[in-house]
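By convention in this document, chain letters (A, B, ...) are assigned in the order of the sequence lines, proteins followed by strands, and residues within each chain are numbered from 1.
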2 protein chains.
Amino acid sequence: MDLPTVKVERLYRQISNILITYIRDGHFAPGQLLPGERDLAKQLGVSRSSVREALIALEINGWVDIRTGHGVYVAQKLPDETEVPANEEVGVESLMEARGVIEGEIAAMAAKKATESQLAEMAGLIEAMEAEIGDRAAFHDHDRRFHALISAMTGNPVFVEITDLLWKKRQSPHYTEFEKQYSGEAVARSMCTDHRAILDALRARDGKAAKSVMQKHIRNAQSKLFGARAR
Amino acid sequence: MDLPTVKVERLYRQISNILITYIRDGHFAPGQLLPGERDLAKQLGVSRSSVREALIALEINGWVDIRTGHGVYVAQKLPDETEVPANEEVGVESLMEARGVIEGEIAAMAAKKATESQLAEMAGLIEAMEAEIGDRAAFHDHDRRFHALISAMTGNPVFVEITDLLWKKRQSPHYTEFEKQYSGEAVARSMCTDHRAILDALRARDGKAAKSVMQKHIRNAQSKLFGARAR
DNA sequence: ATGGTCTACTGGCCGGACCAGTGGACCAAC
DNA sequence: GTTGGTCCACTGGTCCGGCCAGTAGACCAT
């Protein structure tokens with residue numbers, strides 16, 4: 001038997017949901033002044049405390065703008081409804097496929113735009129990484145910085161942000177579990193080799209090579225870290 | 001003269017900041033039970049109401065887990081400190097460059113993976129769009145759905161999410177101002193032509209063509225919507 | 001071992017009180 | 001007419017004390 005769990009939704013949640021519905025449906029237009037807290041409490045049949053808690057929830061999520069002595073105004077620019085889908089769980093294959101395509105292109109672009117100082121920074125990064133084989137956390141962090149640096153080389157902040165997004169998707173518990181196998185020093189060493197190959201391609205300003213080496217690197221990572229489901 | 005604005009921080013904000021600091025500094029470990037609301041109020045020298053408001057703020061942001069009858073627990077997984085970097089303003093050139101590269105690749109992949117029903121859906125979408133030349137809002141929305149559909153064709157949720165992110169970056173007030181020139185029916189008609197060309201390439205399962213047509217489309221959009229800074 | 005009861009917690013909610021910020025109405029002085 | 005006071009009717013901000021409901025553990029009778 002599988003009884004449904006009874007839910008008791010806290011009052012402030014109910015109230016804020018009601019208000020959000022009203023705002024979204026246009027009963028309260030952006031910029032409009034809401035009824036006072038006392039009125040809302042009376043109309044909703046709850047105490048003023050609960051209304052205040054609901055309003056604070058709305059304020060935090062950007063639905064309203066509370067101004068002391070004035071009242072509560074509906075926000076001019078309504079917040080994203082997306083409700084923090086933040087780290088939606090996503091399959092290893094999907095993630096790695098996307099990384100291969102996107103980071104491959106980024107590497108190609110980086111080969112053409114990287115400055116000498118960035119290339120030098122990357123060389124230092126790789127050396128530090130090689131010195132840290134064994135320390136999983138430090139290694140992991142350097143790996144992240146390596147990929148972030150490549151996107152920075154494009155000079156395009158959008159690529160930086162997307163690389164960051166891709167990396168974050170790898171932080172979910174589901175993944176970190178897989179990465180226990182990360183421990184193997186052989187794996188770490190192989191990744192360093194990949195990184196060096198990428199650096200070489202960047203230095204040679206060879207976009208095509210950078211792209212293919214990067215894609216190879218990501219396929220390696222997939223098969224070695226998350227099992228051999230790579231194509 | 002440029003006097004600084006005096007700030008009066010609301011109590012619940014101060015309290016939650018204090019608690020966040022304590023949690024982050026490890027005085028309250030993840031999973032640990034916090035002092036009761038009454039104790040906190042006494043220790044902080046404020047009323048229980050204010051403490052409750054602060055706790056609700058923390059709960060919304062995922063710092064704590066409030067359980068009726070038990071107490072308030074520090075969350076196991078502390079929330080991202082990233083504090084809504086959400087829609088960082090970004091230059092038109094950067095955004096369009098990124099879109100060209102990424103959506104180009106996506107289109108190429110979509111050409112290989114799109115199902116017949118998705119292609120049919122896209123055809124319908126284009127027709128609807130052509131019927132709406134003139135209605136800016138509806139047109140804009142259909143445009144978004146068009147690009148979202150292409151990423152859905154890849155069958156990879158990561159691409160869908162990234163396309164969504166790219167689109168959101170276009171919503172900032174800075175951009176929507178530019179898009180006033182959107183009004184021109186000639187521009188709208190030209191975009192429909194581009195969309196049709198993309199659909200043709202997808203139907204032909206020609207990844208290379210899909211990619212180049214998509215990139216051309218995005219360059220067109222840049223020059224026509226945001227001025228002719230395209231290369 | 002089981003199941004009831006009591007009790008001492010916890011958060012959830014209430015309503016009334018007072019304080020502080022705000023802006024408009026009003027008025028006197030210049 | 002403009003300026004600057006005073007007053008007042010609002011608003012949200014904060015506090016208090018009370019009561020309810022959910023919880024867990026101690027205790028006890030079965």
Roughly, in whole Å, what's the span from OH in A:Tyr73 to P in D:dT11? 11 Å
Can you measure A:Leu33 atom CG to D:dT11 atom C1' for me and round it to whole angstrom units? 9 Å
Mapping A:Arg67 and B:His70 onto DNA chain D by nearest heavy atom, which one lands closer to the 5' end? A:Arg67
Check every strand shown and say whether B:Ile66 touches a base, only sugar-phosphate, or nothing at a heavy-atom separation below 4.0 Å. sugar-phosphate
Roughly how far, to the nearest 0.5 Å, is CE of A:Met109 from CD1 of A:Ile150? 13.0 Å
Please tell me if the side chains of A:Val101 and B:Phe159 come closer than 4.5 Å, counting only heavy atoms from C-beta onward. yes
Does a salt bridge link B:Asp141 with B:Arg144, judged by any charged N lying under 4.0 Å from a carboxylate O? yes
What nucleic acid atoms does B:Arg52 come within less than 4.0 Å of, heavy atoms only: base, sugar-phosphate, or nothing? base
Rounded to whole Å, how long is the line connecting atom CD1 of B:Ile15 with atom C1' of D:dG13? 12 Å
Closer than 4.0 Å, any side-chain N/O of B:Thr68 to the OP1 or OP2 of D:dG22? no
Do the side chain of A:Gln14 and the main chain of A:Glu9 share a donor and acceptor less than 3.5 angstrom apart? yes
Atom CZ of A:Arg48 and atom P of D:dC15 are separated, to the nearest Å, by 13 Å
Just call it for B:Ser49: base, sugar-phosphate, or nothing, with non-hydrogen atoms closer than 4.0 Å on any strand. base
Should the ring pair A:His147 and A:His217 be called parallel, tilted or perpendicular, given that the plane angle runs from 0 to 90° and is split at 30 and 60? parallel
Can you tell me the distance, in whole Å, between the CD atom of B:Gln14 and the P atom of D:dG13? 13 Å
Distance under 4.0 Å to a non-hydrogen atom of chain B counts as contact; along DNA chain C, which nucleotides mark the start and end? C:dT10 to C:dC13
Using 4.0 Å as the upper bound for N to carboxylate O, is an ion pair formed by A:Glu161 and B:Lys168? no
Output yes when B:Glu59 and A:Arg10 qualify as a salt bridge under the 4.0 Å nitrogen-oxygen rule, no when they do not. yes
Send over the distance from B:Arg10 CZ to D:dC15 C1', rounded to a whole Å. 15 Å
In whole Å, what is the span from the CZ atom of B:Arg38 to the C1' atom of D:dG18? 10 Å
Expressed as a whole number of angstroms, how long is the span from A:Glu37:CD to D:dC15:C1'? 14 Å
